[in-house]
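Position 1 is the first residue of the sequence, and the numbers go up from there. Below, all heavy atoms of this structure are taken into account, side chains as well, without hydrogens, waters or symmetry copies. Here the structure is a predicted model, which means the values were calculated and not measured.
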Amino acid sequence: MEKQISAPRADGVRTAILSSRFESIARKMQNTLFRTARSGILNTAHDFSCVILTPDCRLLAAAESLPSHTLTGPDIMCRTVKHYHPDLKAGDCFLHNSPYEGNSHAADHCLIVPVIDAGGTLRFFVLAKAHQADCGNAKPTTYVADVADVYEEGALIFSAAKIQSDYTDNEDLIRMCRARIRVSEQWWGDYLATLGAVRIGERELLALGGEVGWEALEDYAEDWFDYSEKKMVDAISRLPSGKRTVYTAHDPFPGVPEGIPITADVEIDSEGAMIRVDLTRNPDCTPTGLNLTEGTSSSAAMVAIFNGLIDHTVPVNAGSFRRVDIRLRENCCVGIPRHPASCSVATTNLADRVSNPVQRAIAEIAPGFGMAETGPIMPPGMGVISGRDPRHDNEPFVNQVHIGITGGAGTPVTDGFLFIIHAGNAGMCHIDSIEVDELHHPIYVAGREMQVDTEGAGTFRGAPSIRAEFGPIEDCTMKVLYTADGSQNVALGAQGGGPGAPSRALKAETDGSLTTLPACYGAALGPGETIVSYSAGGGGYGSPLARAPERVLADVKDGWISAERARNIYGVVTTGSRADDTLAIDAAATRETRARLTAEMTGAA
């Protein structure tokens, strides 16, 4: 198949300058939301995204947004706005969180503003997506996994609902949210922050259009898309062609006691410069909240593709997307859901069960590319806490915390990103500050620490697990809801790399005893009780016996692997001890050990 690329119309310098201008506008939107949001999931964890789209709904600029939010979805949502509101006007703003019309899940409230010039012409869309600490679910959590359908889930669903006309709020919708959402003042603050972000994006784009001219911006967009497509063609052309079918499975779960098997058919067509992922051979929507949306199904596969290219100079926009073909089917748990299937957890668990095997498939087809698997997500260390705060007149609190989660996958060139959190956000979210969490909520964090020998071994290892322990302060009770995966089906390695450690959840009673908790659970904690969370480790890339001995030594010194694991898995023999800082590599013993382990592996094969 011949590669067809349009010839650029504008000079490269002008395109680069305008690209920077659009990126800076998206960053201004993000900075506004980050600095003015009220909930910790936004102002601490950074779980939001801001993007700019063309008037025909193609993604143009996303700055440092979460890929699970933005690769596919904003385009569908903007088309939905145009479908229901064909006569768009300046001052309009739309609230949209429908999982059946492009959004990720009901907890991600999106504000969408059409950018209308002085003559009444639609020029761009700006969209800000902000994860809500509470969205009116039947339980006080953003993720309700153990439900049969959207009715049992309980969230408020808005389908391109006009929340502002002529820059004035629709008080009917505001009252609806305030009445249903448990922490209504927190939601109101987050709404204002998100609204400020999209209005700043609108203002800046109108100013840019007045400065440069709308025709010039239209030409720029087409040239930027063509340039991005060419970069994507170049990146794919460096890969060998090939096909792989890869398998994974979500752990057993309420509603799916046998788990959820996932199949991905992956093809790299180097000559035609296309990557195709077929997800159609998967189960129908499940009676759980784990089902993906059209946006998260496509985005999950695309996350893996952009990760697997190992070429971060490829712009992520509608131009590079031309070289990606994601095939979905309706009523599929990793496809296009049908109402009333619940998609409450559509950004994480099953989404990662798409991203991980696809990036591993790329590694199998093209050694030196792709990635191992990122650790499965959502142990209690990133659960949703709720209760009443005795420090503030027993006011209710609900918020998701990112106290302890790691899981980064080994790549062909780097060790796993320690605090990636999960494949879908690509490290864009932040790990919490313990001190800030304890200020915001009546919570006591007893500690968090890396766990020895939990990494996926490899030439480049996966991130080790982290243990986090927390509970309510004195005179307080707290509920922790979480939807963990990875206690049985762990993150796999690639190209000879090893698997990461499983996730675990336990409750520490007041007498110090530990009780193992289920994977999907709402733990009720009283004073003196804590929940203990172990995140999943990430898979390794490449043979552990090829890892640079100096890297192995550094991990032993840091306490991330033991001297025994260094010797038995990596073939690196050390002398001395951590206690007196005398650790060193025994070069001769290391050569001998690696030769023996290699011979044993070859013989076993």
Side-chain angles (χ1 to χ4, degrees), residues 66-68 71-73 232 235-236 239-250 260-270 274-283 292-311 314 316 320-321 323-329 332-335 346-377 407-412 416-417 420 422-426 456 462 485-486 489-495 497 499-500 538-539 541:
L66 278 61
S68 60
L71 297 181
T72 298
M232 189 68 162
I236 297 174
L239 307 177
S241 293
K243 298 180 181 180
R244 288 292 189 280
T245 296
V246 283
Y247 306 94
T248 187
H250 193 286
I260 306 174
I262 298 297
T263 301
D265 297 305
V266 182
E267 177 187 5
I268 297 175
D269 177 3
S270 180
M274 288 291 296
I275 297 181
R276 301 179 181 90
V277 178
D278 189 333
L279 298 174
T280 60
R281 297 194 299 127
N282 283 298
L292 301 191
T293 70
E294 182 177 2
T296 56
S297 295
S298 293
S299 293
M302 293 167 73
V303 166
I305 290 169
F306 279 92
N307 282 346
L309 291 175
I310 315 296
D311 184 349
V314 177
V316 180
S320 52
F321 298 170
R323 294 292 159 173
V324 175
D325 178 18
I326 312 299
R327 297 171 187 172
L328 309 175
R329 70 172 179 87
C332 178
C333 65
V334 291
T347 56
T348 53
N349 296 42
L350 274 185
D352 287 3
R353 291 296 180 181
V354 171
S355 298
N356 279 323
V358 171
Q359 62 195 35
R360 179 165 51 86
I362 294 173
E364 292 181 7
I365 297 169
F369 296 89
M371 294 175 67
E373 294 190 354
T374 301
I377 194 176
T411 82
F417 186 164
I420 194 170
H422 78 114
N425 70 34
D485 186 16
N489 296 299
V490 299
L492 299 181
Q495 287 294 323
Y541 193 107

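- Here the shortest heavy-atom pairing between Ile420 and Gly407 reads CG2-C, 3.9 Å.
- Between Ile326 atom CD1 and Arg276 atom CZ the span is 11.0 Å, to the nearest 0.5 Å.
- When all heavy atoms are compared, the tightest approach of Asn349 to Asp485 is ND2-CB, 3.9 Å.
- A donor-acceptor contact shorter than 3.5 Å links the side chain of Arg329 to the backbone of Asn282.
- A distance of 12.0 Å separates CD in Gln495 from CZ in Phe369, rounded to the nearest 0.5 Å.
- Rounding to the nearest 0.5 Å gives a distance of 8.5 Å between SG of Cys332 and CG of Leu292.
- Remark: side-chain polar atoms of Ser297 are paired, donor with acceptor, to backbone N or O of Gly335 under 3.5 angstrom.
- Annotation: the span from Gln359 atom CD to Phe306 atom CZ amounts to 14.0 Å, rounded to 0.5 Å.
- The shortest side-chain heavy-atom distance between Met232 and Ile305 falls under the 4.5 Å cut-off.
- Side-chain contact check for Ser355 versus Thr374: every heavy-atom pair is 4.5 Å or farther apart.
- Side chain of Glu373 to backbone of Ala491: no donor-acceptor contact under 3.5 angstrom is found.
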Take Leu71 and Val324, measure what side chain to side chain contact (heavy atoms under 4.5 Å, CB included) needs, and give me the verdict at the end. CA-CA 11 Å; Leu71 297 181; Val324 175; over 6 Å; no
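- Nearest heavy-atom pair, Ile362 versus Ala304, reported as atom, atom and distance to 0.1 Å: CD1-O, 3.8 Å.
- At a threshold of 4.5 Å between non-hydrogen side-chain atoms, the residues Cys333 and Leu350 count as touching.
- Closest heavy-atom contact between Ala351 and Ala300: O-CB, 3.3 Å.
- In this structure, the separation between CD1 on Ile236 and CE on Met274 is 7.0 Å, given to the nearest 0.5 Å.
- Shortest non-hydrogen contact noted between Ala361 and Val246 is CB-CG1, 3.7 Å.
- Contact between Val490 and Gly486 at its shortest, heavy atoms only, is CG1-O, 3.9 Å.
- A donor atom on one side chain and an acceptor atom on the other are not found under 3.5 Å apart for Ser68 and Asn425.
- A distance-only check finds a donor-acceptor pair linking the side chain of Tyr541 to the backbone of Gly368 [under 3.5 Å].
- A heavy-atom distance below 4.5 Å is found between the side chains of Asn489 and Arg353.
- At distances below 3.5 Å, not a single donor-acceptor pair connects side-chain atoms of Asp352 with backbone N or O atoms of Pro376.
- Residues Asn356 and Thr248 form no side-chain contact, since every pair of their non-hydrogen atoms from C-beta on lies 4.5 Å or further apart.
- Within the 3.5 Å criterion, the main-chain N or O of Pro240 finds no donor-acceptor partner in the side chain of Ser270.
- Here the CD1 atom belonging to Ile275 is positioned 5.0 Å from the CD1 atom belonging to Ile268, to the nearest 0.5 angstrom.
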As a quick check of understanding, evaluate side chain to side chain contact (heavy atoms under 4.5 Å, CB included) for Glu267 and Asp325, giving each step before the final call. CA-CA 10 Å; Glu267 177 187 5; Asp325 178 18; over 6 Å; no
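- Of the possible polar contacts, one joining the Thr296 side chain to the Ala346 backbone as a donor-acceptor pair under 3.5 Å is found.
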